[in-house]
Amino acid sequence: MQSHARAVVIGGGVVGVGTLYHLAKLGWTDSVLFERKELTSGSTWHAAGLLPLFNMSYSVGQMHKYSVGLYPSLEAETGLNVGFSRVTNIRLARTADRMDEYRYYAGVAETIGVKVDFLTPEQVKAIWPLCKVDDLIGAIQHPDDGYIQPADLTQALARGARARGATIHRNTTVTGITQLPSGEWRVETDRGAIVCEHVVSASGNFARRTGAMVGLDVPVIPVEHQYIVTEAHPAIQARKAAGLPEMGVLRESDAGYYMREEAGGLLLGPYEKGAPVCYVDGPDPQSEYELFQEELDRLAPHIEAAMIRVPAFGEVGVKKVYNGAIAYTPDGNPIVGPAWGLKNFWLNEGHSFGVTASGGAGWQLAHWIVEGEPTIDMLGVDPRRFGAYASRGYLRAKNEEAYAKVFTVHYPDEERTAARPLRRTPCYDRMKALGAVFGSVFGWERPNWFAPPGYALSETDLAKADVLLNENHPEPEAGEPIREKWSFRRPNSFEFVGAECRHVHEHVGLQDMSAFAKLEVSGRGAEAWLDALFTNRIPRQVGKVSLTYLLTAKGGVRAEFTVYREGPELFYLVSAGALERHDHDYLQKALPADGSVQLRPVTTQYGVLVLAGPRSRDVLSRLTDADLGDAAFPWLTGKTIDVGAAYAKALRVNFIGELGWELHHPIEMQTYIFDQAMAAGAAFDIKPFGIRAMDSLRLEKSYKLVGRELSIEYAALESGLGRFVALKKGDFLGRDALLAWREAGFANQAATLEVHGVRDADARGSEPIYLGEELVGRATSGGYGWRIGKSLALAMLRPDLTQVGTELEIVVLGERFRATVIPDSPFDPDNLALKGS
Ligand SMILES: Cc1cc2nc3c(=O)[nH]c(=O)nc-3n(C[C@H](O)[C@H](O)[C@H](O)COP(=O)(O)OP(=O)(O)OC[C@H]3O[C@@H](n4cnc5c(N)ncnc54)[C@H](O)[C@@H]3O)c2cc1C
């Protein structure tokens with residue numbers, strides 16, 4: 001065995017081999033893969049081989065699209081047939097909500113260039129004559145979709161990698177991994193050791209074991225997944241004999257299964273409730289080509305539904321049942337990208353559609369490793385989207401839930417209930433008593449909106465659609481009324497959120513934003529270090545606050561931070577709660593080696609209560625003797641103030657565009673401060689408000705969010721961050737690349753749109769935008785602006801179309817609406833409310 005390699009990939013399933021192939025393709029031919037048994041002997045061998053393009057996520061959708069484009073080309077390249085049957089894929093709809101889901105998805109697909117057709121029930125019948133269609137309201141079809149032979153695909157990728165010089169060692173188990181003082185990795189195997197620059201963990205069901213070798217608690221635990229293959233059916237054999245095409249992959253989402261032809265019979269794969277996690281602490285060391293005992297009882301409801309839909313399925317016997325492990329993460333998406341806390345250690349794990357994702361995940365991960373960045377926004381699959389809270393017990397509950405919900409309607413406002421409420425701020429019970437309907441971010445409970453006292457959904461609202469697994473309201477805690485009905489259209493919370501927006505605009509509101517990620521940066525080198533990283537000037541004076549961005553080396557936007565200078569050598573950084581591990585990991589890895597800068601994560605030490613609205617000063621001044629006047633305490637400044645007997649870092653900033661303060665306080669003082677604020681606020685009619693109100697209010701200010709308007713795919717200046725990018729301050733990470741990008745010309749420009757004529761649905765983000773028949777952009781966010789009374793969308797458009805007044809069209813749930821470019825910050829463009837008077 002060679003003693004050195006550029007990269008070592010652990011795992012010879014379709015995902016590991018796909019990674020090796022792409023590393024070699026990008027020129028890292030000196031890469032090595034270790035597989036403990038034979039290639040594909042993990043989950044890959046028993047996969048059903050479907051390649052579903054359907055995915056609501058922008059990043060996963062692009063990965064799948066790439067794979068489906070790559071696989072057919074492999075035969076010409078390697079001489080190996082991968083068994084790709086492009087038979088198309090039909091997803092049926094029985095309910096109006098399901099059709100809305102398809103309409104929304106079709107918009108996402110349009111923006112990433114995936115072909116989707118809508119079918120009538122009659123058209124479904126023509127393609128799938130064995131399928132009953134009388135109760136269907138429609139369907140979608142992916143013409144480019146189909147299935148593949150997973151083992152053949154893996155072998156072709158392996159041959160392609162080897163042909164470029166990469167090496168595969170089968171029957172070689174990685175037993176230990178250590179980082180050397182040089183930063184290189186020493187990978188121990190049962191057949192010798194190898195030193196390399198980069199390690200990629202693609203070990204499937206062994207992910208947690210591999211992670212443990214380097215101290216990572218990898219958020220992957222597999223779930224049992226079964227599919228059934230029937231004996232041949234005469235009707236299918238007759239079709240074959242007549243030379244008719246295969247009927248394609250059929251998905252009855254509302255009954256939670258997929259079906260396709262297999263060797264003259266049928267293959268049925270259900271996603272059932274109650275499928276248990278497996279290999280919780282990893283498979284047996286000897287495990288290979290392993291299947292579990294079949295559990296037909298669990299599948300019964302799906303089998304019955306399938307027999308009604310396709311009676312032929314019930315007319316033949318079962319030939320074989322496969323019950324195998326399928327890797328899962330808490331949200332069902334894989335983890336592809338850098339490991340947190342470790343340099344040059346990469347994860348390509350947690351794949352539940354790994355055959356589909358292998359090509360795209362390998363492609364992007366290889367770019368990330370070789371060039372330092374992926375080429376598409378990978379936030380949706382970034383391993384750092386979970387935190388330390390995602391421990392073993394959490395994963396057991398969440399991964400089973402993610403599996404059971406593969407086919408439920410993926411509502412945009414969906415909040416899943418397993419493993420909750422987990423992380424609660426001290427004011428949780430108080431907010432709950434005030435009617436909070438909670439959502440979850442990074443394990444934290446956060447009020448989404450507030451239902452009026454006694455409000456509950458009516459019997460009609462609660463009537464579930466006639467489907468097996470579809471849920472359109474969350475499961476309540478015991479004894480709690482159900483108050484929320486999700487929808488792709490305006491949900492039942494719409495008017496209540498509107499009332500919150502109006503209230504905070506006219507009076508005063510209180511919001512719990514304790515989930516914010518918080519970090520103290522200190523030391524003699526802190527200022528210079530932050531200055532070299534961030535786009536904006538670092539506040540020179542103690543007490544100043546600035547908004548700033550961390551770019552990629554290519555000039556795209558990686559993260560957003562509020563920087564509060566607390567002392568000459570002390571900075572307090574606030575960023576998005578959901579991105580805590582992501583944001584802090586980049587900073588930690590960029591620390592100077594000389595010890596001149598220290599980082600102290602303080603997220604759980606400080607709670608954050610946002611007091612905002614025109615009467616916020618009146619409320620706060622009753623609790624503090626600090627001078628809150630505009631002269632003494634202007635916008636974009638902060639100071640530690642008394643709040644009754646407690647204290648808080650008060651920052652005069654907020655994300656909603658009203659007069660207000662964020663009170664960052666010791667977490668143990670939260671209920672005290674909360675009670676004081678509510679008592680002092682009673683005279684001013686203080687009311688709580690939630691995240692949904694904040695989202696509407698920020699749209700009216702055209703405030704951008706990482707993962708929406710801001711992404712590594714868009715240059716910071718394309719996203720309209722010019723005010724926060726101090727090009728003249730000197731060098732900072734990504735500056736030169738940003739200038740070069742500007743020189744080459746931008747393909748996009750951020751804009752705010754008013755959407756005209758909407759009735760019951762606003763844009764939400766990912767809708768395609770047209771000029772005539774030409775696709776010219778995509779919405780990144782959308783919603784209703786209550787202060788200005790307009791339906792809004794934030795969008796990335798072709799730059800020549802961003803002049804105010806430009807008339808475009810936006811497709812919301814399949815319908816075209818007129819959309820006009822309006823000036824940014826349509827509410828209070830001069831920031832008069834923020835600046836106060
Ligand atoms: C019943 C069933 C049906 C499925 N159907 C589909 C489908 O239709 N479409 C689809 O896209 N996906 C499907 N899947 C999912 C798919 O099988 C997986 O997502 C995919 O195979 C994952 O590939 P992988 O390479 O990540 O994992 P694996 O195939 O499990 O490969 C991991 C490899 O790593 C090796 N390894 C682990 N630890 C070490 C070590 N220390 N040293 C060396 N080697 C190590 C293992 O031996 C293993 O071979 C299905 C899964 C199941 C269970």
Side-chain angles (χ1 to χ4, degrees), residues 183 338 343-344 367-375 377-379 384 517 519-542 544-576 579 582-599 636 704 706 709-750 799:
K343 281 189 184 167
N344 299 341
H367 274 284
W368 215 333
I369 296 171
V370 173
E371 293 164 3
E373 292 295 342
T375 61
D377 175 15
M378 297 284 279
L379 260 188
R384 297 160 297 185
L519 185 71
E520 280 178 8
V521 182
S522 61
R524 63 186 156 77
E527 179 172 5
W529 179 68
L530 289 173
D531 197 43
L533 279 180
F534 290 158
T535 57
N536 209 348
R537 290 178 203 285
I538 300 305
R540 286 211 188 90
Q541 288 169 25
V542 171
K544 291 274 185 201
V545 176
S546 75
L547 189 63
T548 192
Y549 294 88
L550 178 67
L551 304 188
T552 68
K554 294 180 177 174
V557 182
R558 191 187 301 296
E560 177 187 75
F561 294 91
T562 299
V563 178
Y564 165 45
R565 187 164 199 157
E566 263 197 284
E569 293 184 357
L570 178 61
F571 299 86
Y572 179 72
L573 270 52
V574 183
S575 65
L579 298 173
H582 173 268
D583 293 355
H584 291 185
D585 186 52
Y586 276 107
L587 296 183
Q588 191 239 324
K589 285 176 178 163
L591 271 179
D594 63 5
S596 61
V597 184
Q598 288 82 47
L599 301 185
L636 295 177
K704 321 274 192 298
V706 173
E709 295 65 41
L710 308 176
S711 129
I712 66 153
E713 286 185 44
Y714 299 127
L717 299 176
E718 285 185 313
S719 295
L721 300 184
R723 273 181 301 149
F724 310 102
V725 180
L727 289 168
K728 292 192 182 134
K729 76 169 187 170
D731 199 18
F732 58 86
L733 179 65
R735 179 183 180 274
D736 292 347
L738 182 63
L739 291 175
W741 195 339
R742 185 170 70 178
E743 193 63 28
F746 292 138
N748 300 284
Q749 193 62 53

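Source: prediction; values computed, not measured. Just the heavy atoms: all of them, side chains too, but no hydrogens, waters or symmetry mates, feed the values below.
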- [ ] Using modelled atom types only, decide if a donor and an acceptor are shared between the side chain of W741 and the backbone of A716 within a distance under 3.5 Å.
- [x] no
Apply side-chain contact (heavy atoms from CB on, under 4.5 Å) to residues L727 and R735 and explain how you reach the verdict. CA-CA 7 Å; L727 289 168; R735 179 183 180 274; 4.2 Å; yes
**Asked** Any donor and acceptor pair, going by atom type alone, linking the side chain of E718 with main-chain N or O of Q749 inside 3.5 Å?
**Response** no
When every non-hydrogen atom of D377 is compared with those of S711, the smallest separation belongs to CB-OG, 3.7 Å
dist I538:CD1 -> K544:NZ (nearest 0.5 Å) comes out at 14.5 Å
Rounding to 0.5 Å, atoms CH2 (W368) and OG1 (T375) come to a distance of 11.0 Å
In short, A526 meets E569 closest at the heavy-atom pair CB-O, 4.4 Å
To the nearest 0.5 Å, atom CD of E713 lies from atom CD of E373 at 11.5 Å
| Is a side-chain donor or acceptor of S596 paired with a backbone partner of R524 at a separation under 3.5 angstrom? | no
Note: A715 and F746 closest approach over all heavy atoms is CB-CE2, 3.5 Å
For a 4.5 angstrom cut-off between non-hydrogen side-chain atoms, does L379 reach L579? yes
S719 (side chain) donor-acceptor with L710 (main chain) under 3.5 angstrom: no
Measure from the side-chain N and O atoms of E566 to the backbone N and O of Y572, and report whether any donor-acceptor pair falls under 3.5 Å. no
Do K729 and D531 come within less than 4.5 Å of each other through their side chains, counting heavy atoms only?
yes
Exercise for review: I would like to know whether F571 and E527 meet side-chain contact (heavy atoms from CB on, under 4.5 Å); could you show each step before the answer?
Suggested key: CA-CA 8 Å; F571 299 86; E527 179 172 5; 3.9 Å; yes
Output for pair (L739 CG, L717 CG), nearest 0.5 Å, gives 8.0 Å
**Study point:** Donor-acceptor pair between S546 and N536 side chains, under 3.5 angstrom
**Key:** no
From the list R384, K343, R558, salt bridge (charged side-chain N to carboxylate O under 4.0 Å, His left out) partner of D585 resolves to R384
Closest non-hydrogen atoms of D583 and S575, given as atom of the first, atom of the second and distance, are OD2-OG, 2.9 Å
Rounding to 0.5 Å, atoms CG (L573) and CG (L530) come to a distance of 6.0 Å
Can you tell me if K554 has over 12 outside heavy atoms packed within less than 6.0 Å of its NZ? yes
Whether E560 side chain and L547 backbone form a donor-acceptor pair below 3.5 Å
no
Test V557 against L551 for side-chain contact (heavy atoms from CB on, under 4.5 Å), laying out the working first.
CA-CA 5 Å; V557 182; L551 304 188; 4.1 Å; yes
In terms of heavy-atom contacts, A576 and A517 come closest through O-CB, 3.7 Å
Interatomic distance, CG@L533 vs CG@L587, rounded to 0.5 Å, equals 6.5 Å
Q. Sub-3.5 Å donor-acceptor pair from the side chain of R565 to the main-chain atoms of P568, do we have one?
A. yes
Which of W529, Y549, F561 passes ring pair (Phe, Tyr, Trp, His ring centres under 6.0 Å) with F534? Answer is F561
Review point. Does a donor on one side chain and an acceptor on the other come within less than 3.5 Å for H367 and E371?
Key: yes
